[in-house]
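Below: the structure, in structure tokens.
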Amino acid sequence: MRVVAFLRGINVGNRRPKKDELIAAVAGPEFADVSTYQASGNLLFTSELEPAEAEPVLEQRLEASLGYEVTCFVRSVDELRTLLAGIPEPGPGAKHEIIFYKSDPGDEARAALAATAGPNDTLNSMGRQTLWTHVGGMSESPLAALTPRPGAPVTTVRTAATIDRIVDKFT
């Protein structure tokens with residue numbers, strides 16, 4: 001199965017591993033044809049492991065190699081293709097971001113996220129993801145400043161356009 005791992009917190013601050021470091025950290029019998037996409041913590045590979053099984057293996061290998069915790073959000077390319085098919089075209093001046101969760105965060109966490117949204121933000125639940133549509137720059141939204149809080153689900157964000165390009169790369 002073709003799989004993508006979105007790595008949280010890569011290429012920010014002092015966490016700037018080189019492409020070859022990331023590939024070497026995860027390469028092994030469970031993960032074949034490992035490559036990266038852009039310098040934003042996106043790993044592409046083939047695996048017989050289900051995404052939920054791949055996450056802890058990747059996280060352990062990355063921490064052992066890089067020396068710090070790396071949270072991984074793993075999705076099959078088929079899952080991403082289905083996700084993209086459910087996203088409408090953005091309106092004028094709008095941009096789509098995908099907020100990834102490890103698992104469905106539940107109604108309470110989604111309500112807390114919605115309470116933080118600004119007037120130019122729209123949030124739509126999509127299972128283990130939330131579609132965040134915003135008008136204006138991402139940094140203009142109060143959602144952009146969110147950091148994990150105790151009890152809040154850990155997330156990572158990618159633009160829908162980046163997801164689309166990753167899926168195209170695998171097809």
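In this chain, residues are counted from 1 in sequence order.
Following chains of ILVMFWY side-chain contacts shorter than 4.5 Å, one can reach F31 starting from M1, so the two form part of one hydrophobic cluster. Tracing side-chain contacts under 4.5 Å through hydrophobic residues (I, L, V, M, F, W, Y), one reaches L131 starting from L84; they form part of the same cluster. V34 and V57 fall within the same hydrophobic cluster, where Ile, Leu, Val, Met, Phe, Trp and Tyr residues are linked whenever their side-chain heavy atoms come under 4.5 Å apart, directly or through other members. No chain of hydrophobic side-chain contacts below 4.5 Å, direct or via other Ile, Leu, Val, Met, Phe, Trp or Tyr residues, connects V74 to I166. Note: the hydrophobic cluster containing L113 also contains M138 (ILVMFWY, side chain heavy atoms under 4.5 Å, direct or indirect links).
Note that the CZ atom of R15 and the CG atom of L62 stand 11.0 Å from one another [nearest 0.5 Å]. Between the OG1 atom of T116 and the CG atom of D121 there is a distance of 10.0 Å, given to the nearest 0.5 Å. A distance of 5.5 Å separates OG1 in T159 from CZ in R165, rounded to the nearest 0.5 Å. Here the CG-CZ distance, from D164 to R158, works out to 15.5 Å after rounding to the nearest 0.5 Å. The line from CE of M126 to CD1 of I99 is 12.0 Å long, rounded to the nearest 0.5 Å. We find the CD-CD distance between Q129 and E97 to be 14.0 Å, quoted to the nearest 0.5 Å.
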* After noting the C-alpha distance and the side-chain angles of E59 and T71, does the key distance pass the side-chain contact (heavy atoms from CB on, under 4.5 Å) rule? -> CA-CA 6 Å; E59 290 170 346; T71 304; 3.8 Å; yes

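Partners of E30 by side-chain hydrogen bond (donor to acceptor under 3.5 Å, both in side chains), not counting sequence neighbours, listed by chain and number: R61. A search for side chain to side chain contact (heavy atoms under 4.5 Å, CB included) contacts involving E53 returns L49, E50, not counting sequence neighbours.
Side-chain contact between L44 and D33 is absent, with no heavy-atom pair separated by less than 4.5 Å. Side-chain atoms of L22 and L66, non-hydrogen and from C-beta on, do get closer than 4.5 Å to each other. With a 4.5 Å cut-off on side-chain heavy atoms, D104 and R110 count as touching. Residues I10 and P17 have side chains in contact (heavy-atom distance under 4.5 Å, counting atoms from C-beta outward). Proximity of L43 to L7: side-chain heavy atoms (C-beta onward) are separated by under 4.5 Å at one or more points. The closest side-chain heavy-atom distance from I98 to I87 is below 4.5 Å. Two residues are said to be in side-chain contact when any heavy atoms from C-beta on lie closer than 4.5 Å; Q38 and T162 meet this criterion. Between L143 and V157, the closest side-chain pair of non-hydrogen atoms is not below 4.5 Å.
N42 places a side-chain N or O within donor-acceptor distance of the main-chain N or O of Y37, the cut-off being under 3.5 Å. Panel note: side chain H134, backbone G136; a donor-acceptor pair is recorded below 3.5 Å. In this structure, the side chain of K102 engages the main chain of C72 through a donor-acceptor pair within 3.5 Å.
Of all non-hydrogen atoms in S76 and P51, the two that sit nearest each other are N-CG, 3.9 Å. Across all non-hydrogen atoms, the minimal contact from R75 to E79 is CA-OE1, 3.5 Å. When every heavy atom of L123 is checked against every heavy atom of A114, the shortest pair comes out as CD1-CA, 3.6 Å. In plain terms, the two heavy atoms of S103 and Y101 that are nearest each other are O-CB, 3.1 Å. Here the closest heavy-atom approach between residue P142 and residue A117 is recorded as CG-C, 4.0 Å.
Heavy-atom neighbours of D107 CG from other residues, nucleotides or ligands within 6.0 Å: at or below the threshold of 12. Crowding of K169 atom NZ: a count of heavy atoms from other residues, nucleotides or ligands under 6.0 Å exceeding 12. Under a cut-off of 6.0 angstrom, the local environment of CD in E21 is crowded, with over 12 non-hydrogen atoms contributed by other residues, nucleotides or ligands.
Just one of F6, F73, W132 meets the ring-ring contact (aromatic ring centres under 6.0 Å, His included) condition when paired with F100; it is F6.
Salt-bridge annotation for D78 and R81: present, with a side-chain N of the basic residue lying under 4.0 Å from a carboxylate O of the acidic one.
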